[in-house]
Amino acid sequence: MPDIKFLELLSNDYPNILAASAEIINLNAILALPKGTEYFLSDIHGEHEAFIHMLKSASGTIKAKIDEHYGGVLDDTDREDLAALIYNADAEIKRRKKSEPDFNKWCSTVMYRMITICQSVSTKYTRSKIRRRMPKYLGYAMDELLHADDEANKAHYYQAIISSIIEGGMAEIFIKELAELISTLAVDQLHIIGDIFDRGAHPDDIIDFLMKYHDVDIQWGNHDVLWMGASVGNWKCIANILRNNISYNNFDMLEIGYGINLRPLATFAEETYSDDPCDAFMPHVLDLNKYDPVKKELAAKMNKAIAIIQFKLEGQGIMKHPEFHMDKRLLLDKIDYLKGTITIEGKEYELKDTNLPTVNPEDPYTLTRDETFVMESIEASILNSEKLQNHIRFLYSHGSLYKTINGNLLYHGCMPMDEDGNFLGMDIAGKHYAGKAMMDVLDDEIRDVYFAPEKCRIGGNRGDIMWYLWEGADSPLFGKDKMTTFERLFIADKATHTEQTNSYYKAINKRSTCENILREFGLDPTRGKILNGHVPVKSKEGESPVRGEGLLYIIDGGIAKAYQKKTGIAGYTFIFNSRFMALAEHKPYSPLQPDGSQVFHSPVIKTVQNLPERMLIVDTDKGKMLNEQIDDLKALIQAYKEGILKERDTAEERMK
């Protein structure tokens, strides 16, 4: 029997045998329902419009529901239009108000159709759960429309409710909320397997969206951890996030979204590189800034200025942390400033750019006074950015380095391995950790950096472990021997740009390797899968996301526009419902056009495994939790029966 104090607390919610017994009935009913649909995405990289569309469309599932119910009733155009309404109700309503001769009639028609789709996606849920996801003031009408099952009266009843909605001027709001409900019910749980930040224009909008989402968890990627390190003021992390985003022209996000004041950097860069074209530092413009346009020439100077600061700061970190084994990445002291060359691992290369006015050859890793002022100013902006700090706390509260759920293992990067598939690890505070133990220790360390820095085992500047996880050779979030940012910017020879991946990426082609990883985390290889991101799958070259004979899936297919030339597609979604597991392969997202039209491309969905029998909630991790609650309630009932606790009548309690 549970502790009596626990039962006393439980009795506040269930004050008598009847109340506890009723809840057991409810929980047993939930256990008999089919498992909800889980969606897995990775490497979103700031592509807010494409990402939100994936969720609104449930990665093609909603279109499949429309085709299932209306394939023989509506033509292709009408079915596409209904899908467009659910995906982007605001835009479609605005378009229809201009084109429909009888807008109210159109509203009435689409509401009927949307109710049918909503009923279809809600069949796995209890009525109370559906009601909780409904909007506060329109929930009653939606509930009645969804559950009016008397066929003799349904048509009249539906018409009365819908007519009332239209006559009350609520049709547009109702349609928008119903579209939101359909998308919400289509995805029961959402798993983001790392890298929300960088490259794309608006990771801030993505996190705003996720903070309102009903059930989401995040497995941190190296880009996420970099921002988490920057949020506590680590200068190496700050320099990296600035260079990453200035190089992609993301000024709206930096200055407007997060309120990071870049004026000191802009002023410093303009003065320092006034006569320098900074050609190698020109930004990759994937999205235009609406509110904070910065000329490409100034952006290039800012990019170069922060890159040099980054290389100096990283050199300081390498010297401070010999345990990171990054000595080969000390490069500024390998430059021959007279010849304009650099020697890397015994080979001399000519530099493309030799204008390095802030680098002292005698002391190349020390910041100048002006560079120090720039970093102090930007650090203050970051530490005082309320929105950024709220977003980082959300990453902590909803995130982890890895997750096991319903028999599956989720992590962003890799499990560092040697060529034989043996786990490699890290030395932390004089002790070696590998496999699951390493991931657990690193997860603790990441949390301590933000919440309890005095407990951190990695010394040096606060957050140095985050910087190491961003680009360290043994980092499970990076998985490469080095990050060749310097070489790509300063050396023409592309051979120096190569980053060798960890042996993990070859080892996972073997089923036995994937089985060992699953066992390391206490999972059953005959049931579980590994979901992984980080390395874009070059689909156009015939590369498959499936590894280990179907045990591991690399689901980075290039949501980020920056990768789509390599991948040939625009991302993957892994789908796990009560009947099967499937992989959705997406086409590039087409944005809304000035005339209000928008083309939506349905993904190609391939089933990768049919379950032997339908999976119920009782078979899931949630089912285990609910069974534990049932056991606690049974113990509470026993305590009431034995007189250990006194039953209370709820009516009498209310009178008191």
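Just so you know, these numbers come straight off a predicted model, no measurement behind them. The figures here come from the full heavy-atom set of this structure, side chains too, leaving out hydrogens, waters and symmetry mates.
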If you measure from [atom1] on [X] to [atom2] on [Y], what distance do you get to the nearest 0.5 Å?
| X | Y | atom1 | atom2 | answer |
| --- | --- | --- | --- | --- |
| I218 | S42 | CD1 | OG | 13.0 Å |
| N303 | I308 | CG | CD1 | 10.0 Å |
| E38 | F574 | CD | CZ | 9.5 Å |
| M466 | N234 | CE | CG | 8.5 Å |
| Q310 | L489 | CD | CG | 8.5 Å |
| L190 | L210 | CG | CG | 6.5 Å |

Got a donor-acceptor contact below 3.5 angstrom from the [X] side chain to the [Y] backbone?
| X | Y | answer |
| --- | --- | --- |
| S381 | N261 | yes |
| Y365 | D333 | yes |
| D443 | L401 | yes |
| R462 | V449 | yes |
| N502 | D474 | no |
| E270 | L298 | no |
| Y433 | G425 | no |
| S475 | E471 | no |
| N250 | R199 | yes |

Got a sec: does the [atom1] of [X] have more than 12 other heavy atoms crowding it under 6.0 Å?
| X | atom1 | value |
| --- | --- | --- |
| E350 | CD | no |
| K352 | NZ | yes |
| K328 | NZ | no |
| E386 | CD | no |
| K334 | NZ | yes |

Taking the side chain as C-beta and beyond, is there a heavy-atom pair between [X] and [Y] under 4.5 Å?
| X | Y | value |
| --- | --- | --- |
| T343 | D336 | no |
| F423 | M417 | yes |
| I508 | I554 | yes |
| D556 | V537 | no |

Practice prompt. List the steps and the verdict of side chain to side chain contact (heavy atoms under 4.5 Å, CB included) for D205 and I52.
Written response: CA-CA 10 Å; D205 287 349; I52 291 171; 5.5 Å; no
Residue pair [X] / [Y]: nearest heavy atoms and the distance that separates them:
| X | Y | result |
| --- | --- | --- |
| L469 | L477 | O-CB, 3.7 Å |
| H45 | F197 | ND1-O, 2.9 Å |
| E520 | A434 | OE2-O, 4.1 Å |
| A570 | M54 | O-CE, 3.4 Å |
| F373 | P264 | CE2-CB, 4.2 Å |
| S247 | N244 | OG-O, 2.8 Å |

Practice prompt. Provide the full list of salt bridge (Lys or Arg N to Asp or Glu O under 4.0 Å) pairs with a residue in residues 478-489, sequence neighbours left out, each pair given once.
Written response: R329-E487, E345-K482, K480-E499, R488-E499
Fill in: Qualifying salt bridge (Lys or Arg N to Asp or Glu O under 4.0 Å) pairs with a residue from residues 214-237, counting only residues at least two apart or across chains
K236-D464
Fill in: Charged N-O contact under 4.0 Å between D444 and K455
no
Fill in: side chain to side chain donor-acceptor pair (under 3.5 Å) partners for H497, two or more places apart
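Residues passing side chain to side chain donor-acceptor pair (under 3.5 Å) with H497: none at all.
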Worksheet entry | Non-neighbouring partners of K403 that pass side chain to side chain donor-acceptor pair (under 3.5 Å), sequence neighbours left out | none
Quick one: are the ring centres of [X] and [Y] less than 6.0 Å apart?
| X | Y | value |
| --- | --- | --- |
| Y396 | F451 | yes |
| F40 | Y553 | no |
| F281 | F490 | yes |

Worksheet entry | Single hit among W220, Y411, F521 for ring pair (Phe, Tyr, Trp, His ring centres under 6.0 Å) with Y402 |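 Of the listed options, the one satisfying the test is F521.
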Discussion item. Which residue is it: H223, H191, H534? I am looking for the one with a ring pair (Phe, Tyr, Trp, His ring centres under 6.0 Å) to H412.
Written reply: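 Of the listed options, the one satisfying the test is H534.
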Item to complete: Using the test ring pair (Phe, Tyr, Trp, His ring centres under 6.0 Å), find all partners of H391 that sit at least two apart in sequence or belong to another chain.
Response: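 If we apply the ring pair (Phe, Tyr, Trp, His ring centres under 6.0 Å) test to H391, skipping adjacent residues, the hits are Y258.
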Practice prompt. Quick one: which residue pairs count as a side chain to side chain donor-acceptor pair (under 3.5 Å) with a foot in residues 288-297, not counting sequence neighbours?
Written response: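 Listed by first then second residue: N249-N289.
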Practice prompt. Begin with the C-alpha distance, continue with both residues' side-chain angles, and end with the deciding distance and a verdict on side chain to side chain contact (heavy atoms under 4.5 Å, CB included) for I196 and F51.
Written response: CA-CA 10 Å; I196 295 172; F51 168 71; over 6 Å; no
Item to complete: Take I378 and I382, measure what side chain to side chain contact (heavy atoms under 4.5 Å, CB included) needs, and give me the verdict at the end.
Response: CA-CA 6 Å; I378 294 172; I382 287 174; 4.0 Å; yes
Worksheet item: So, N355 and Y273: side-chain donor and acceptor under 3.5 Å apart, yes or no?
Response: no
Fill in: Donor on one side chain, acceptor on other, Q598 and Y589, under 3.5 Å
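On atom types as modelled, these side chains qualify, holding a pair under 3.5 Å.
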Discussion item. Using the rule given for salt bridge (charged side-chain N to carboxylate O under 4.0 Å, His left out), can you reason through K561 versus D287, listing the C-alpha separation, both sets of side-chain angles and the distance that settles it, and then say yes or no?
Written reply: CA-CA 10 Å; K561 290 190 285 288; D287 295 280; 3.4 Å; yes
Worksheet item: Parallel, tilted or perpendicular for F600 and H53, by the 30°/60° rule?
Response: parallel
Discussion item. Test side chain to side chain donor-acceptor pair (under 3.5 Å) on Q500 and Y505; report intermediate values, then the result.
Written reply: CA-CA 10 Å; Q500 296 293 335; Y505 292 100; over 6 Å; no
Worksheet item: salt bridge (charged side-chain N to carboxylate O under 4.0 Å, His left out) between D208 and K212: does it pass, once the steps are laid out?
Response: CA-CA 7 Å; D208 280 341; K212 299 174 185 176; over 6 Å; no
